[in-house]
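Okay, so here's the structure we're looking at.
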Number of protein chains: 2
Amino acid sequence: MVNTPHCTEEKILEAAKKIFHRKGYDGTRMQEIADEAGINKALLHYYFRTKENLFNAVFQDAFKDIFSRLFLTVGSDDPLEEKLGKMINEYIGFLQKNSFIPGFILSEINQNPDKIIDVFHSVPVQPLFLYEKLRDSMRDARIENVDPRDLFINVLSMCIFPVVAKPLLKVIFNFSEKEYDEFIEKRKKELPEFIMNAITKK
Amino acid sequence: MVNTPHCTEEKILEAAKKIFHRKGYDGTRMQEIADEAGINKALLHYYFRTKENLFNAVFQDAFKDIFSRLFLTVGSDDPLEEKLGKMINEYIGFLQKNSFIPGFILSEINQNPDKIIDVFHSVPVQPLFLYEKLRDSMRDARIENVDPRDLFINVLSMCIFPVVAKPLLKVIFNFSEKEYDEFIEKRKKELPEFIMNAITKK
DNA sequence: ATTAGGTTTAACCATATAGTTTAACCAAAC
DNA sequence: GTTTGGTTAAACTATATGGTTAAACCTAAT
């Protein structure tokens with residue numbers, strides 16, 4: 001009772017994340033999660049009654065991770081240029097360390113689009129709020145020729161896609177693992193400039 | 001023997017695409033494909049011996065579709081600005097009509113990165129060639145401050161991500177299906193300008 | 001009319017998998 | 001030392017699923 005009450009639950013959750021993130025709901029076996037957590041299947045069902053329960057916990061966490069991290073960078077009160085720089089740097093950094101999460105979320109959402117709405121309520125920050133923060137700092141910076149929603153999506157695209165498509169892009173450009181990481185590192189520096197250029201009038 | 005020799009095979013392949021694209025390998029049932037094709041399971045295995053065979057055919061086709069379509073637009077000899085305009089317009093249009101393909105490819109590749117190399121040989125055009133064509137037209141347009149690979153990835157990101165993340169972005173911005181499509185339509189016009197701005201020196 | 005090949009039906013096999021159950025174990029709390 | 005609750009082991013259930021098989025059917029070509 002004192003031993004490992006919520007520690008085991010945590011262990012299970014970590015193991016479940018590792019497997020679910022890589023293999024998705026359908027590709028994941030409860031036995032594999034149990035093995036990864038170093039426990040047996042019975043205990044797995046003792047904590048999370050069903051596969052769906054466990055999956056929902058994992059999915060919700062992933063969703064929260066992605067959005068709360070985005071909030072930290074976009075939600076700040078910095079002026080636009082700094083905000084973009086921070087967002088791109090920190091967010092890409094976060095994505096690199098959690099490279100399976102965006103693909104996991106996107107593919108699960110495509111397979112079950114209705115599920116989003118439920119999960120959205122569990123996220124502490126409303127994404128629309130992020131857009132409003134971005135819109136305000138664009139107004140402050142006198143950027144008027146670009147729809148803030150477009151900018152939001154463009155920045156997100158250029159941060160997330162290279163992570164999601166990494167295995168593909170590596171092959172296309174003949175990058176080794178190390179070369180690709182260096183390439184991304186270079187991007188972190190150049191992307192803010194690319195974007196500021198794009199939205200600033202000549 | 002005359003009746004429907006390759007017509008049935010085609011029917012199966014179409015049905016398989018429909019299911020595989022939406023549900024991925026693990027989420028797909030052979031029975032469901034048979035139902036979708038209006039035939040029975042026995043005939044399915046008569047044409048494609050195994051699930052893996054059928055999947056490979058579908059995956060290879062998806063891969064070809066994505067890259068040959070990209071080739072049509074990026075591989076042209078138009079000057080940079082026109083090339084970008086065409087690419088963005090036509091490629092996004094293609095993606096809209098085949099909105100499950102990019103997500104399908106990305107998630108399957110993440111789950112089985114080794115498989116890419118095999119599939120790559122089946123693609124009629126080497127993707128590196130696309131990059132070279134882009135690099136050449138950038139040189140012609142005197143764009144020197146941007147790595148062609150970055151531009152390639154940025155354009156691809158901004159074309160593909162909004163399609164892959166559509167269910168998510170719809171919820172974030174409170175878009176109806178129709179509103180989202182109109183939003184994408186607007187993007188088609190504005191994206192080329194956004195990108196030309198980004199890479200042109202002030 | 002016979003043949004051949006696509007097609008159906010339906011039963012069948014082997015295996016995998018989510019989830020359950022039961023008995024036993026063990027360590028800490030009482 | 002007894003109780004309690006987390007934990008294990010192992011067997012088990014029910015079901016789903018990929019794949020096979022065999023017999024019969026139907027239609028067009030011969």
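Order of the sequence lines fixes the chain letters, A, B, ..., with proteins taken first and strands second; residue numbering starts at 1 for each chain.
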With sequence neighbours excluded, tell me which residues meet ring pair (Phe, Tyr, Trp, His ring centres under 6.0 Å) with B/His21. B/Phe104
Answer yes or no: is there a side-chain heavy-atom contact under 4.5 Å between B/Phe161 and A/Leu106? yes
Filter on salt bridge (charged side-chain N to carboxylate O under 4.0 Å, His left out), then keep only pairs touching residues 136-145 of chain B, sequence neighbours left out; what's left? B/Asp136-B/Arg139
So does B/Thr8 get a side-chain nitrogen or oxygen closer than 4.0 Å to the phosphate oxygens (OP1/OP2) of C/dT7? yes
Atom CD of A/Glu190: over 12 foreign heavy atoms under 6.0 Å: yes
Write down the distance between NE2 (B/His45) and P (D/dT17), rounded to a whole number of angstrom. 13 Å
What parts of residues 13-33 of chain B reach DNA chain C, counting only heavy atoms under 4.0 Å away? none
Keeping to residues at least two apart or across chains, list the salt bridge (charged side-chain N to carboxylate O under 4.0 Å, His left out) pairs with something in residues 16-29 of chain A. A/Glu14-A/Lys17, A/Lys17-A/Asp61, A/Lys18-A/Glu36, A/Lys23-A/Glu32
What is the distance from CD1 of B/Ile12 to P of C/dT7, rounded to the nearest Å? 8 Å
Rounded to whole angstrom units, what separation is found between the CD1 atom of A/Ile39 and the C1' atom of D/dT8? 11 Å
Would you please confirm or rule out a distance under 4.0 Å between OP1 or OP2 of C/dG6 and any side-chain N or O of B/Tyr47? no
Using a strict heavy-atom distance below 4.0 Å, which residues from residues 48-62 of chain A are in contact with DNA chain C? A/Arg49, A/Thr50, A/Lys51
Can I get a per-line list of side-chain donor-acceptor pairs under 3.5 Å for residues 92-100 of chain B, giving both atom names and the distance, sequence neighbours left out?
from	atom 1	to	atom 2	distance (Å)
B/Gln96	OE1	B/Lys188	NZ	3.1
B/Asn98	ND2	B/Phe94	O	2.9

Atom pairs, protein N/O to nucleotides 9-15 of chain D N/O, distance under 3.5 Å:
from	atom 1	to	atom 2	distance (Å)
D/dA9	N7	A/Asn40	ND2	3.2

Quick one: ring pair (Phe, Tyr, Trp, His ring centres under 6.0 Å) partners of A/Tyr91, sequence neighbours excluded? none
B/Tyr46 OH to C/dT8 P: how many Å, rounded? 12 Å
What is the distance from CG of B/Leu44 to P of D/dT20, rounded to the nearest Å? 12 Å
List the residues meeting salt bridge (Lys or Arg N to Asp or Glu O under 4.0 Å) with A/Asp114, not counting sequence neighbours, and say none if there are none. none
Pairing residues for B/Val171 by the side-chain contact (heavy atoms from CB on, under 4.5 Å) criterion, not counting sequence neighbours: A/Ile116, A/Phe120
Set of residues satisfying side-chain contact (heavy atoms from CB on, under 4.5 Å) with respect to B/Asn40, sequence neighbours excluded: B/Ala42, B/Leu43
Taking only residues two or more places apart in sequence or in another chain, which ones pass salt bridge (Lys or Arg N to Asp or Glu O under 4.0 Å) with B/Arg149? B/Asp147
